[in-house]
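Here the structure comes first, spelled out in structure tokens, and everything after it is commentary.
Side-chain atoms are counted along with the backbone in the values below, which use heavy atoms only and exclude waters and symmetry mates.
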Amino acid sequence: MSKLTLERAKEILPKHTTEQHLFVHAACVSAAMGAMAETFGEDRDHWEAIGWLHDVDYEKYPSTEEHCHHVREFLEPEGVDEEDIRSIISHGWGLTCNEVKPESNLEKSLFTVDELTGIIHAYALMRPEGMDGMSVKSFRKKYKDRKFAAKCDRAVIEQGFSMLGMDPAVVMQRCIDGMTAHKEEIGL
């Protein structure tokens with residue numbers, strides 16, 4: 001089996017997802033993953049594809065008891081390889097009764113940017129200029145306000161920063177850059 005491509009991921013997701021906000025979230029995570037791939041000198045398209053499909057089972061199984069537990073049954077029939085399925089499942093580690101711990105840079109990045117992109121997206125929505133000109137400094141003020149985008153789990157993000165061994169500001173900048181480059185697709 002070949003590595004998952006973004007083109008293929010975009011063919012698969014609509015088979016299991018109909019809610020527009022989930023497509024927006026997929027685009028945000030995909031854009032951030034592409035930027036993270038560049039940080040590690042990895043295959044941007046592949047990382048974007050993993051980001052695009054990371055919540056493939058969420059619409060049908062949103063509960064923490066079930067989310068990530070149905071990824072394999074959705075993706076194996078599509079010919080997605082085991083390593084990619086494992087990577088997608090790992091983003092729910094510790095959150096979804098899931099014991100697949102993120103190990104690779106791809107998996108650690110997905111674990112970290114999933115929640116982080118939610119806060120960046122929320123901040124962009126409230127800014128008249130959207131993603132344009134967003135700085136890490138201004139974003140951090142919103143990030144530190146636990147009431148802002150309160151459903152996005154900062155503890156998970158910070159655990160991700162630690163797992164990656166990266167300065168949080170660097171990860172935030174990469175995500176902002178990735179999402180800015182895809183702002184039309186995201187709707188910002």
Return the minimal non-hydrogen interatomic distance between [X] and [Y], and the atom names on each side.
X	Y	answer
C68	D57	N-OD2, 2.8 Å
M36	S109	CE-OG, 3.5 Å
A124	L188	CB-CD1, 3.7 Å

Verify the distance criterion only: is there a donor paired with an acceptor across the side chains of [X] and [Y] at less than 3.5 Å?
X	Y	value
E73	H70	yes
T18	E59	yes
T17	Y58	no
S138	S135	yes
N98	H67	no

### Query
Honestly, is K60 close enough over F74, meaning NZ or CZ under 6.0 Å from the six-membered ring centre and within 45° of the axis?
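K60 over F74 ring: yes.
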
Name all residues meeting the salt bridge (charged side-chain N to carboxylate O under 4.0 Å, His left out) criterion together with [X]; count only those two or more places apart in sequence or in a different chain, and write none if there are none.
X	result
D45	none
E115	none
E185	K10

### salt bridge (Lys or Arg N to Asp or Glu O under 4.0 Å): pairs with one or both residues in residues 123-150, sequence neighbours excluded
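Checked against salt bridge (Lys or Arg N to Asp or Glu O under 4.0 Å) - neighbours excluded - the pairs reaching residues 123-150 are R127-E129, D132-K183, R146-E158.
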
### Message
Just to verify, what does E42 make a side-chain contact (heavy atoms from CB on, under 4.5 Å) with, not counting sequence neighbours?
### Response
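Result, side-chain contact (heavy atoms from CB on, under 4.5 Å) vs E42: A37, F40, W47.
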
Calculate, to the nearest 0.5 Å, the distance between atoms [atom1] and [atom2] belonging to [X] and [Y] respectively.
X	Y	atom1	atom2	value
L6	L53	CG	CG	9.0 Å
I176	I120	CD1	CD1	5.0 Å
F111	S87	CZ	OG	14.0 Å
E107	L164	CD	CG	11.5 Å
E82	L75	CD	CG	10.5 Å
M172	I119	CE	CD1	7.5 Å

### Residue E11 excluded, over 12 heavy atoms near CD under 6.0 Å
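Yes, because the 6.0 Å sphere around CD of E11 holds more than 12 heavy atoms from other groups.
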
### Query
If you count the non-hydrogen atoms of other residues, nucleotides and ligands that lie under 6.0 Å from CD in E7, is the total more than 12?
no

Whether the side chain of [X] engages the backbone of [Y] through a donor-acceptor N/O pair (distance < 3.5 Å, no angle test) should be reported.
X	Y	value
S90	P102	no
R154	Y143	yes
R8	E78	yes

### Task
Sequence neighbours left out, what pairs pass ring pair (Phe, Tyr, Trp, His ring centres under 6.0 Å) with at least one residue falling in residues 17-39?
H25-H54

### Query
If Ile, Leu, Val, Met, Phe, Trp and Tyr residues are connected whenever their side-chain heavy atoms lie under 4.5 Å apart, and connections chain through other members, are I88 and L22 in the same group?
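Different clusters: I88 never reaches L22 through Ile, Leu, Val, Met, Phe, Trp or Tyr contacts under 4.5 Å.
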
